[in-house]
Amino acid sequence: MPWYHESVRVAGTASDWQLRTEGRWGAADVGLRGTGRPLDTPPGFPDPGEASRILVDPAVGWYPRRDGRGVGRYSVWHEPLRLEAAEVRHAHSQALTDLRLVAPGQLPCHAGLQRSTMFDVHTPPSRLLRPAG
């Protein structure tokens, strides 16, 4: 997860969801429509549990500290999600396009929505010191 402070606009209704941001790290614009059906196992995963463990389960993240003194750590926790299949109306991530991980205009092969969840972001981040020398 990139760790940049940017303004992000998220808007939604009972069936539609939209995220939009513009910033120095890259613009993103995603629009999804819920289908009301449970999300299938994404392609390339043997079962829903493995997909959840890799894609959506609680995570630990790392980022360079602003003061240049090492690496910071944060973690995110949430209950297991019950994702709903979503139709991708549009999707663009400038960072993923710039890194050539997706082609311009390429839509994701799989998308899901979580109607509601509580999550904890554990901060302040702990600091890992660079080795001496």
Side-chain angles (χ1 to χ4, degrees):
M1 177 177 172
W3 195 269
Y4 290 91
H5 181 74
E6 301 290 354
S7 294
V8 177
R9 295 180 59 191
V10 178
T13 66
S15 61
D16 288 311
W17 179 89
Q18 172 127 1
L19 174 139
R20 183 172 288 160
T21 187
E22 293 184 25
R24 60 193 161 113
W25 193 70
D29 187 5
V30 179
L32 303 175
R33 175 173 287 139
T35 64
R37 299 185 324 266
L39 185 64
D40 294 331
T41 302
F45 291 93
D47 57 64
E50 180 70 1
S52 182
R53 186 179 70 77
I54 299 294
L55 299 175
V56 298
D57 280 349
V60 173
W62 308 90
Y63 62 93
R65 291 178 47 90
R66 286 187 202 182
D67 62 9
R69 294 179 17 204
V71 176
R73 178 185 183 275
Y74 67 96
S75 64
V76 178
W77 178 91
H78 58 75
E79 301 256 345
L81 302 180
R82 299 187 192 283
L83 295 173
E84 172 184 329
E87 169 192 336
V88 180
R89 295 175 49 214
H90 61 274
H92 169 72
S93 167
Q94 191 62 49
L96 296 179
T97 301
D98 289 351
L99 291 169
R100 297 185 178 153
L101 296 173
V102 298
Q106 179 182 351
L107 295 179
C109 63
H110 207 73
L113 290 174
Q114 175 72 29
R115 294 289 175 169
S116 176
T117 194
M118 296 293 291
F119 62 92
D120 295 321
V121 178
H122 299 270
T123 59
S126 58
R127 183 168 60 111
L128 300 179
L129 299 175
R130 290 184 182 155

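Just so it is clear, the values below take in all heavy atoms, side chains as well, and ignore hydrogens, waters and symmetry mates.
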Inset, instruction - Check Ser7 against Thr21 and note the closest heavy-atom contact, atom names and distance. - result: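 Looking at all heavy atoms of both residues, the shortest contact is O-OG1, 2.6 Å.
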
Inset, instruction - Check Tyr74 against Trp62 and note the closest heavy-atom contact, atom names and distance. - result: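 For Tyr74 versus Trp62, the nearest heavy atoms are CE2-N, 3.9 Å.
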
Legend entry - In one Ile/Leu/Val/Met/Phe/Trp/Tyr side-chain cluster, 4.5 Å: Phe119, Val10: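 No: no chain of side-chain contacts under 4.5 Å links Phe119 to Val10.
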
Inset, instruction - Spell out, yes or no, whether Val71 and Val60 are grouped together once hydrophobic residues are joined by side-chain heavy atoms under 4.5 Å, including indirect joins. - result: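 In one cluster with Val71: Val60, yes.
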
Inset, instruction - In sequence, state the C-alpha distance, the side-chain angles, and the governing distance for Arg24 and Glu6, and then conclude on side chain to side chain contact (heavy atoms under 4.5 Å, CB included). - result: CA-CA 8 Å; Arg24 60 193 161 113; Glu6 301 290 354; 3.5 Å; yes

Legend entry - Side chains of His90 and Gln18 in contact at under 4.5 Å (non-hydrogen atoms):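 The answer is yes, as the side chains (C-beta and beyond) meet within the 4.5 Å cut-off.
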
Show which side-chain atoms of residues 99-113 pair as donor or acceptor with protein atoms under 3.5 Å away, not counting sequence neighbours.
residue	atom	partner	partner atom	Å
Gln106	OE1	Ala103	N	2.8
His110	NE2	Asp40	O	2.9

Legend entry - Contact list for residues 44-59, test side-chain hydrogen bond (donor to acceptor under 3.5 Å, both in side chains), sequence neighbours left out: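 Every pair satisfying side-chain hydrogen bond (donor to acceptor under 3.5 Å, both in side chains) with a residue in residues 44-59: Glu50-Arg53, Ser52-Asp57.
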
Inset, instruction - Run through Arg20, Gln94, Arg9 and flag the one making a side-chain hydrogen bond (donor to acceptor under 3.5 Å, both in side chains) with Asp29. - result: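 Going through the options one by one, the only one that passes is Arg20.
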
Inset, instruction - List for me each residue that meets side chain to side chain contact (heavy atoms under 4.5 Å, CB included) alongside Thr35, sequence neighbours excluded, and say none if there are none. - result: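 For Thr35 the side chain to side chain contact (heavy atoms under 4.5 Å, CB included) partners, ignoring immediate neighbours, are Arg37, Glu84, Ala85.
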
Legend entry - Set of residues satisfying side chain to side chain contact (heavy atoms under 4.5 Å, CB included) with respect to Ser116, sequence neighbours excluded: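 So Ser116 forms no side chain to side chain contact (heavy atoms under 4.5 Å, CB included) with any residue.
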
Legend entry - Side-chain hydrophobic cluster, 4.5 Å single linkage: members besides Leu81: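 When side chains under 4.5 Å apart are linked, the cluster holding Leu81 also contains Leu39, Phe45, Ile54, Leu55, Val56, Leu83.
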
Inset, instruction - Any salt bridge (charged side-chain N to carboxylate O under 4.0 Å, His left out) involving residues 86-98? Give me the pairs, sequence neighbours left out, ordered by first then second residue. - result: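 Every salt bridge (charged side-chain N to carboxylate O under 4.0 Å, His left out) pair that includes a residue of residues 86-98, provided the two are not neighbours, is Asp16-Arg89.
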
Legend entry - Separation between CZ of Arg82 and CD of Gln114, rounded to the nearest 0.5 Å: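 Nearest 0.5 Å value for the CZ-CD distance: 9.0 Å.
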
